[in-house]
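Just so it is clear: chains get the letters A, B, ... in the order the sequence lines come, proteins before strands, and each one is counted from 1.
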2 protein chains.
Amino acid sequence: MTELAKRSPFLRGFEQLFALSSDELDFLHRLESQSKEVPARRPLLGDGKSYDYALIVLQGWLIEYKILRDGRRQVLNFRLPGEIAGIDSLAYAAIPHSVAPLVTSKVAVLPLETFHDLQREYPRLGSVLFLMTLREEAILHQWEVRLGRRDAYARIAHLFMELYRRLHLRGLTDGPSFHLPATQEDIADCTGLTTPYVNRILQRMRRDGLLRFDGQVIELLDAPHLAEVSGFKPGYIEDWGNGIQPQRMEQAHQA
Amino acid sequence: MTELAKRSPFLRGFEQLFALSSDELDFLHRLESQSKEVPARRPLLGDGKSYDYALIVLQGWLIEYKILRDGRRQVLNFRLPGEIAGIDSLAYAAIPHSVAPLVTSKVAVLPLETFHDLQREYPRLGSVLFLMTLREEAILHQWEVRLGRRDAYARIAHLFMELYRRLHLRGLTDGPSFHLPATQEDIADCTGLTTPYVNRILQRMRRDGLLRFDGQVIELLDAPHLAEVSGFKPGYIEDWGNGIQPQRMEQAHQA
DNA sequence: CGTATTGTTGACGAGTGTCAAAGACCGTGG
DNA sequence: CCACGGTCTTTGACACTCGTCAACAATACG
């Protein structure tokens, strides 16, 4: 149990799906062992450039984003501990977006060559990565709906709900609160809004008694109502499919 | 060559990446052989339901979409010939979106079991599907940018450019024209706009001499300018990565 | 030929964006 | 310990893109 609590979120992502063989475990361990700390806000991967590796997030928060010609920015997704950023290096000579940490974070390099080894020699692990990618897609679909068909209030509420649940699955929430190291500008660039407007909406949410924040800690005071106004349903995050249930996180949480 | 021109878009998707062994070819052929015709606009997969199969599109146009509680709709993506709809059945017990054909189309069923066989016995094919999924993701990223950070004019222009290039890769364009079996309401639900507004924008584009359409055929009169105003860059569609170049399509095109 | 679907138009209003300035906050160095 | 500079948040006044609603025209379809 203490043994298990020490698992990185990356390893837990696999163990949620099945028990790892010791070979597989070794392999994943080796991957993680070469981790390095990266400073906040300094891009790790640049749109249009070539890389022969992807990044495994071990700690912290990364964003994937694009900058338009006129300087506007759209955040495409967050990358939380246990997720992989930049796998598209596999499919593209020039990756089609940038990646940067929001705060000082810890990442491990995953060389494409190693990735191919993984696919060849540990097909079960390969399948898991494939599944992870499919779940990524489901998340992106939600981002599309949010951007295309929800108003500002619902967009922000929905984003917070999503982040809360994603973090919760990883044992990274604290009761109804979580740490969100994003500026209002970041939130604006996630939701397709502008900074001043995000500010006004956040104030309204506070007045409505839906949330509270000091510093970078957000507390969801009324999650059910937030879910209601934003049309948030957690299925795409928590439905683990095919009868495989997510391992209970309480252990890690209270560790 | 005539041999090759007869290949389905699905097969060609694989052959763009490497030469198929005869075993692999047989396997894919068997998949396609069980195709059936599906009528326009009648949903094939329903949001929240369970399926033990995905669909390979052989002919026609499908959309993936979500309906919100209040009836609004967001189209998430198109599925063109050669693509697979509903692979998320793999990752979710309840798929998180609906799928429907825009017009009478031809699809083949891909049982999940068969999919697992594929992954096990034809790892190279599995890799291709993985790559396809990564490219899906890049396309979804573009949809996010479009919805989040472009105005109505650019959204529509960008959408048309994307569709044109995606179709072109499959040899489904006709010079500067292509068949788009979507109503203005469909376009509105792709771009996060409303039908009347889409209508007005389309008129402006016509007046600006950018495009023309009769019936469901759209002709791009000034693709460079369309690309310019919408910030469209085709890299995410055509960059085939890792030195693998897309097979020339002219052959199929003029067939 | 009707009848349903799709496209088109108008008047109006609401939701967000824009721009610019002022406060709050926070780390840093003197 | 306070002053300073930078980043982030908050505010206001105003403009404008886009949505809403409703009617009508055109087109496809059976």
Side-chain angles (χ1 to χ4, degrees), chain A residues 39-42 61 63 68 70-75 100-104 146-159 179-207 211-218 229-230, chain B residues 39-42 63 68 70-75 100 102-104 146-159 179-207 211-218 229-230:
Chain A
R41 302 274 168 187
R42 199 166 281 107
W61 286 69
I63 53 173
L68 307 199
D70 60 8
R72 280 179 304 180
R73 181 179 66 153
Q74 175 68 44
V75 172
L102 287 179
V103 288
T104 307
R146 216 153 53 202
L147 290 165
R149 286 293 183 229
R150 297 193 203 281
D151 66 16
Y153 200 91
R155 284 189 208 177
I156 295 178
H158 194 278
L159 175 65
H179 177 79
L180 176 63
T183 65
Q184 295 186 1
E185 190 181 356
D186 294 328
I187 296 172
D189 290 341
C190 287
T191 50
L193 303 166
T194 56
T195 315
Y197 203 60
V198 166
N199 185 277
R200 287 185 239 262
I201 301 281
L202 287 178
Q203 287 175 52
R204 257 173 59 202
M205 288 183 167
R206 257 184 306 196
R207 270 204 305 283
L211 48 82
R212 192 161 58 185
F213 38 95
D214 24 42
Q216 304 190 320
V217 175
I218 294 198
V229 300
S230 66
Chain B
R41 303 273 168 188
R42 199 167 279 105
I63 52 172
L68 306 199
D70 59 8
R72 282 179 304 179
R73 182 179 66 153
Q74 175 67 44
V75 172
L102 287 180
V103 288
T104 307
R146 215 153 55 203
L147 291 165
R149 286 292 182 229
R150 298 194 204 278
D151 65 18
Y153 200 91
R155 283 188 209 178
I156 296 178
H158 194 278
L159 176 65
H179 177 80
L180 176 62
T183 66
Q184 294 184 3
E185 190 182 355
D186 294 328
I187 296 173
D189 289 341
C190 287
T191 51
L193 303 167
T194 56
T195 315
Y197 203 61
V198 165
N199 185 280
R200 287 186 237 263
I201 300 281
L202 288 177
Q203 289 176 51
R204 259 174 57 201
M205 287 183 169
R206 258 186 303 199
R207 270 204 306 283
L211 48 82
R212 191 161 57 188
F213 39 96
D214 23 43
Q216 303 190 322
V217 175
I218 294 198
V229 300
S230 65

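Within the 4.0 angstrom heavy-atom criterion, only backbone atoms of the sugar-phosphate kind lie near B/T183; the bases stay farther away. Backbone-only engagement by A/R206 is indicated by non-hydrogen atom pairs under 4.0 Å involving sugar-phosphate atoms exclusively. Counting non-hydrogen atoms under 4.0 angstrom, B/L193 reaches the backbone sugars and phosphates but no base. Among the protein residues, A/G192 comes within range of the sugar-phosphate backbone only, with heavy atoms under 4.0 Å from sugar or phosphate atoms but none that close to a base. Using a 4.0 Å heavy-atom cutoff across all strands shown, B/R149 reaches no nucleic acid atom at all.
Rounding to whole angstrom units, OH of residue A/Y153 and P of C/dT16 are separated by 13 Å. Between B/F213 atom CZ and C/dT6 atom P there is a gap of 16 Å when expressed in whole angstrom units. In this structure, A/R73 atom CZ and C/dG17 atom C1' are separated by 18 Å, rounded to whole Å. Rounded to whole Å, the distance from CG on B/L180 to P on C/dG7 is 10 Å.
If A/P196 and A/G215 are placed on DNA chain C by their nearest nucleotide, the residue sitting closer to the 5' end is A/P196.
Formation of a donor-acceptor pair under 3.5 Å by the A/D186 side chain with backbone atoms of A/T183 is found in this model. Side chain of A/R149 to main chain of B/L193: a donor-acceptor pair is present (N/O by atom type, distance under 3.5 Å, no hydrogens or angles).
For A/N199 and D/dT10, the shortest distance from a side-chain N or O to OP1 or OP2 is below 4.0 Å. OP1 and OP2 of D/dT7 both lie 4.0 Å or more from every side-chain N or O belonging to A/Q184.
In the interface, the side chain of A/R200 is paired with the base of D/dG12 through a donor and an acceptor atom under 3.5 Å apart.
Comparing D/dC18, C/dT9, C/dT18 by their closest approach to the side chain of A/T194 singles out C/dT18.
Taken from NE2 in B/H179 to CD in B/Q216, the straight-line distance is 4.5 Å, to the nearest 0.5 Å. To the nearest 0.5 Å, atom CZ of residue B/R73 and atom CD1 of residue B/I63 are 4.5 Å apart.
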